[in-house]
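To start, the structure under review is shown below, and the notes come after it.
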Amino acid sequence: MSNKANQDKTHSIAGKSLAQSGALAVQDAANTMRDMNTLLSTAAGVALANFIESGDPKYLEALDKLNSQAKDSKSNFIDLYTSVTDSK
C-alpha cells in the first residue's frame, strides 16, 4: 500500500474517532442537563412550597437563582453542542 493510501486511511480513522468523541461528549452533556433539570425542578418545588407555607421572600430569591442556574445549564449545553457540530 502506498504512503498516500496509508495517510488517507489514517485521516479517515482519525475523523471517525473525533466524530465519535464529539457524539459521546454531547450525549454526556445531555444526560448531565437532564439530571440538572430534575434537581432544579425538585429544588424549585420545595422553594415554592416553603414560600406558600411561610410567605418568606427568601424562597422567591431562591426561585430566581434556580431559574438562573437552569438558563446557565441550557446555555452551556448549547455551547458544547455548537462547538461539536461546528467542528465537523
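Below, all heavy atoms of this structure are taken into account, side chains as well, without hydrogens, waters or symmetry copies.
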Show me the donor-acceptor pairs, under 3.5 Å and distance only, between side chains in residues 72-81 and residues at least two apart or in other chains.
| residue | atom | partner | partner atom | Å |
| --- | --- | --- | --- | --- |
| Asn76 | ND2 | Asp72 | O | 3.4 |

Would you be so kind as to tabulate the donor-acceptor pairs closer than 3.5 Å made by side chains of residues 10-18, with sequence neighbours excluded?
| residue | atom | partner | partner atom | Å |
| --- | --- | --- | --- | --- |
| Thr10 | OG1 | Asn6 | O | 2.8 |
| His11 | ND1 | Gln7 | O | 2.9 |

What pairs of donor and acceptor atoms, side-chain ones from residues 44-62 against any protein atom, are under 3.5 angstrom apart with sequence neighbours left out?
| residue | atom | partner | partner atom | Å |
| --- | --- | --- | --- | --- |
| Asn50 | ND2 | Val46 | O | 3.3 |
| Ser54 | OG | Asn50 | O | 2.8 |
| Ser54 | OG | Asp56 | N | 3.1 |
| Asp56 | OD1 | Lys58 | N | 3.1 |

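Asn31 is linked by a side chain to side chain contact (heavy atoms under 4.5 Å, CB included) to Gln27, Arg34, counting only residues two or more places apart in sequence or in another chain. Taking Lys65 as the reference, nothing meets the side chain to side chain contact (heavy atoms under 4.5 Å, CB included) condition, with sequence neighbours excluded.
In this structure, Thr32 OG1 and Leu39 CG are separated by 12.0 Å, a value rounded to the nearest 0.5 Å.
Side-chain heavy atoms closer than 4.5 Å link hydrophobic residues (I, L, V, M, F, W, Y) into clusters, and following such links, even through other members, never connects Leu40 to Met33.
Remark: side-chain polar atoms of Ser68 are not paired, donor with acceptor, to backbone N or O of Asp64 under 3.5 angstrom.
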